[in-house]
Amino acid sequence: MSFAHLHVHTEYSLLDGFSNIKKLVKRVKELNMEHVAITDHGTMFGVIDFYKAAKAENIKPIIGLEAYMAARTMKDKDSKLDRSSTHLLLLAENETGYRNLLQIASAAQMEGFYYYPRIDHEFLAAHAEGLICTSGCMSAEIPRALLNENPDEAVRKWDWYSEVFGRDRFFVELQQHNIKEITDLNKKLLSLGARYEARYIATNDVHYVNQADARLQDILLAIQTNSTLNDPDRMKMSDDSYYLRSPLEMSKIFSEVPDALSNTLLIAERCNVNLDFKGYHLPEFNVPEGYTPETYLRALCQQGAQIKFKDDAASQKVQERLEYELGVVHTMGFDAYFLIVWDLCRFARENGIWYNARGSAAGSIIAYTLDITRVDPLEHALIFERFLNPGRISMPDIDLDFRDDRRSEMFEYCSNKYGSTRSRRSSPSAPWDQKQPCVTWRV
């Protein structure tokens, strides 16, 4: 039987995980597994490296997080009541789930941090869409309640997670390590789950790739806890089983609960998050009702042509050039790009901010009719293909100069409307960023 590891800590679980990402996915490949998850403690710093490495090995990456749940709320910070927290495993089923994971990880670090990056039930419920949740490891809420002989509390928590995620997105997690309480815990989880018709998944709490790495991971824990290796009372793993076990090993351990193995594949198939970096990702430009970016750009150009060319606006030479350029721009997917640049120039004009465009953009009649450039490309026989060439796919580069004493207003407008990552200052020699479309502001 095949199997997917859905509970995996990498080197980004600082001073706790010892799984080098590239070695991890290579080992997954060697074991003939097709999927693997990343679920670091309270952080998603390793997601992009993990995604790229997994794709390079033709392994499907599952994006997840082992969150810390606050003892009360993520705002409470009492040293006696809030120092402890519990764990919770979350996996992104789709793009919405991935965005919610980012929200959870960010809020945990920036708003809920107290010894750990924490969230609470209210925040989780508000960001549960698109996420698959499990009952977690022994340090999670439901297992901890059962271990503390508090079945009523376990039922309350189980009911809450079932209500928030539903049976389809809430799974009960079973693990097997050399911990004396864990066998009894699994029995209680199986017994309690019967009343809910719960679905189970088998996981290994992976902290390192190979079994021989246990010693090195133990050193990390000693550093984390500021302890010496010969300290008998320091925090340490119970044994050396926290490695990337093979599907065969997992099938032997959980032979009595075969669905817990097959359900890992079910989840892996359901989790589809695309973080590929091909193509361009433009900010969204909201067009008026009844328009698409293509038709709105065309309407603006025709309106601008009437102003620029007056009686010649309907002439063959103007319309042929305009239709040609609009066709190229639409085919290459840059309608929104021109609308964004037009919007920036419109804001500058309406607020009395001088600007000028330089470079090959002067060869575009679109840019001229939108008042981005000031030079008529037809009158001066300027070539559009120097600016945008359908035979050589590249991002259009429009260099805009703004008066230095008002430039900050342009940055503020661009940042507020399109996001702070979509505008940047640049020196004349700064390279054009092909993967992050923006207007280059020359200083």
Side-chain angles (χ1 to χ4, degrees), residues 7-17 21 37-52 61-134 136-137 139-141 160-161 164-165 220 223-226 271 273 275 277 281 283-284 411-425 436 438:
H7 193 135
V8 181
H9 299 285
T10 74
E11 56 204 338
Y12 286 92
S13 289
L14 300 181
L15 296 180
D16 182 40
I21 286 176
I38 181 172
T39 57
D40 281 316
H41 284 301
T43 180
M44 296 178 67
F45 297 143
V47 165
I48 300 303
D49 286 347
F50 168 77
Y51 186 91
K52 290 179 178 179
I62 311 300
I63 309 302
L65 170 74
E66 187 167 31
Y68 291 96
M69 300 299 295
R72 295 187 295 168
T73 77
M74 59 194 289
K75 304 293 185 181
D76 293 322
K77 297 180 179 180
D78 183 283
S79 60
K80 293 182 179 180
L81 300 175
D82 302 304
R83 185 168 182 171
S84 63
S85 60
T86 54
H87 296 180
L88 188 71
L89 196 75
L90 301 169
L91 302 168
E93 186 174 13
N94 49 39
E95 307 294 335
T96 300
Y98 176 67
R99 288 194 294 270
N100 276 326
L101 274 189
L102 294 175
Q103 293 282 340
I104 288 169
S106 297
Q109 295 281 355
M110 300 181 69
E111 302 173 35
F113 196 96
Y114 187 65
Y115 290 91
Y116 307 96
R118 311 167 304 159
I119 58 168
D120 53 32
H121 293 90
E122 181 181 0
F123 192 89
L124 177 61
H127 297 82
E129 185 180 355
L131 294 178
I132 291 174
C133 175
T134 81
C137 63
S139 294
E141 289 183 300
W160 187 87
Y161 284 106
V164 171
F165 291 94
L220 286 184
I223 295 171
Q224 178 197 146
T225 57
N226 196 27
C271 290
V273 175
L275 300 182
F277 303 98
H281 304 279
E284 183 177 355
F411 282 123
E412 183 178 7
Y413 176 74
C414 185
S415 177
N416 289 340
K417 186 163 184 177
Y418 300 107
S420 59
T421 61
R422 296 297 180 174
S423 64
R424 65 180 172 88
R425 298 174 185 267
Q436 289 293 324
C438 61

Shortest non-hydrogen separation from [X] to [Y] and the atoms involved:
| X | Y | answer |
| --- | --- | --- |
| Met69 | Tyr161 | CE-OH, 4.1 Å |
| Ala67 | Leu90 | CB-CD1, 4.2 Å |
| Phe123 | Met74 | CB-SD, 3.8 Å |
| Asn94 | Gly97 | OD1-N, 2.9 Å |

(request) Identify the residue among Thr96, Ile104, Leu91 that makes a side-chain contact (heavy atoms from CB on, under 4.5 Å) with Leu131. (result)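 Only match with Leu131 under side-chain contact (heavy atoms from CB on, under 4.5 Å): Ile104.
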
(request) Sort out for me which residue in Ile119, Leu65, Leu124 forms a side-chain contact (heavy atoms from CB on, under 4.5 Å) with Leu88. (result)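 Output: one option passes, namely Leu124.
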
Hey, does [Y] have a side-chain heavy atom less than 4.5 Å from the side chain of [X]?
| X | Y | value |
| --- | --- | --- |
| Asp49 | Tyr12 | yes |
| Met110 | Pro117 | no |
| Pro61 | Ile38 | no |
| Ser139 | His87 | yes |
| Thr86 | Tyr68 | no |

(message) Show me the pairs that pass salt bridge (charged side-chain N to carboxylate O under 4.0 Å, His left out) and involve residues 98-110, at least two apart or across chains.
(response)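 Found none.
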
(message) For residues 68-78, which residue pairs pass the salt bridge (charged side-chain N to carboxylate O under 4.0 Å, His left out) check, not counting sequence neighbours?
(response)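 Counting only pairs at least two positions apart or across chains, the salt bridge (charged side-chain N to carboxylate O under 4.0 Å, His left out) contacts touching residues 68-78 are Arg72-Asp76, Arg72-Asp82, Lys75-Glu111.
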
(request) Tell me, with the steps shown, if Phe45 and Leu14 meet side chain to side chain contact (heavy atoms under 4.5 Å, CB included). (result) CA-CA 10 Å; Phe45 297 143; Leu14 300 181; 5.8 Å; no

Spatial distance of atom [atom1] ([X]) from atom [atom2] ([Y]) [nearest 0.5 Å]:
| X | Y | atom1 | atom2 | result |
| --- | --- | --- | --- | --- |
| Glu66 | Cys137 | CD | SG | 5.0 Å |
| Ile62 | Glu93 | CD1 | CD | 10.5 Å |
| Ile63 | Met44 | CD1 | CE | 6.5 Å |

(request) Provide the full list of side-chain hydrogen bond (donor to acceptor under 3.5 Å, both in side chains) pairs with a residue in residues 112-130, sequence neighbours left out, each pair given once. (result)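 Every side-chain hydrogen bond (donor to acceptor under 3.5 Å, both in side chains) pair that includes a residue of residues 112-130, provided the two are not neighbours, is His121-Glu141.
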
(request) Answer yes or no: is there a donor N or O on one side and an acceptor on the other, between the side chain of Gln224 and the main chain of Leu15, under 3.5 Å? (result)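 A pair under 3.5 Å: yes.
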
(request) Please identify each residue that fulfils side chain to side chain contact (heavy atoms under 4.5 Å, CB included) with Ser13, with sequence neighbours left out. (result)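 Expected list: His9, Asp16, Asp40, His41.
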
(message) Ala125: which residues meet the side chain to side chain contact (heavy atoms under 4.5 Å, CB included) condition with it, sequence neighbours left out?
(response)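 Expected list: Trp160, Val164.
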
(message) With ring-ring contact (aromatic ring centres under 6.0 Å, His included) as the rule and sequence neighbours excluded, what pairs involving residues 93-113 come up?
(response)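 For residues 93-113: none.
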
(request) Begin from the C-alpha positions of Ile132 and Cys271 and carry the test side chain to side chain contact (heavy atoms under 4.5 Å, CB included) through to its verdict. (result) CA-CA 9 Å; Ile132 291 174; Cys271 290; 4.1 Å; yes

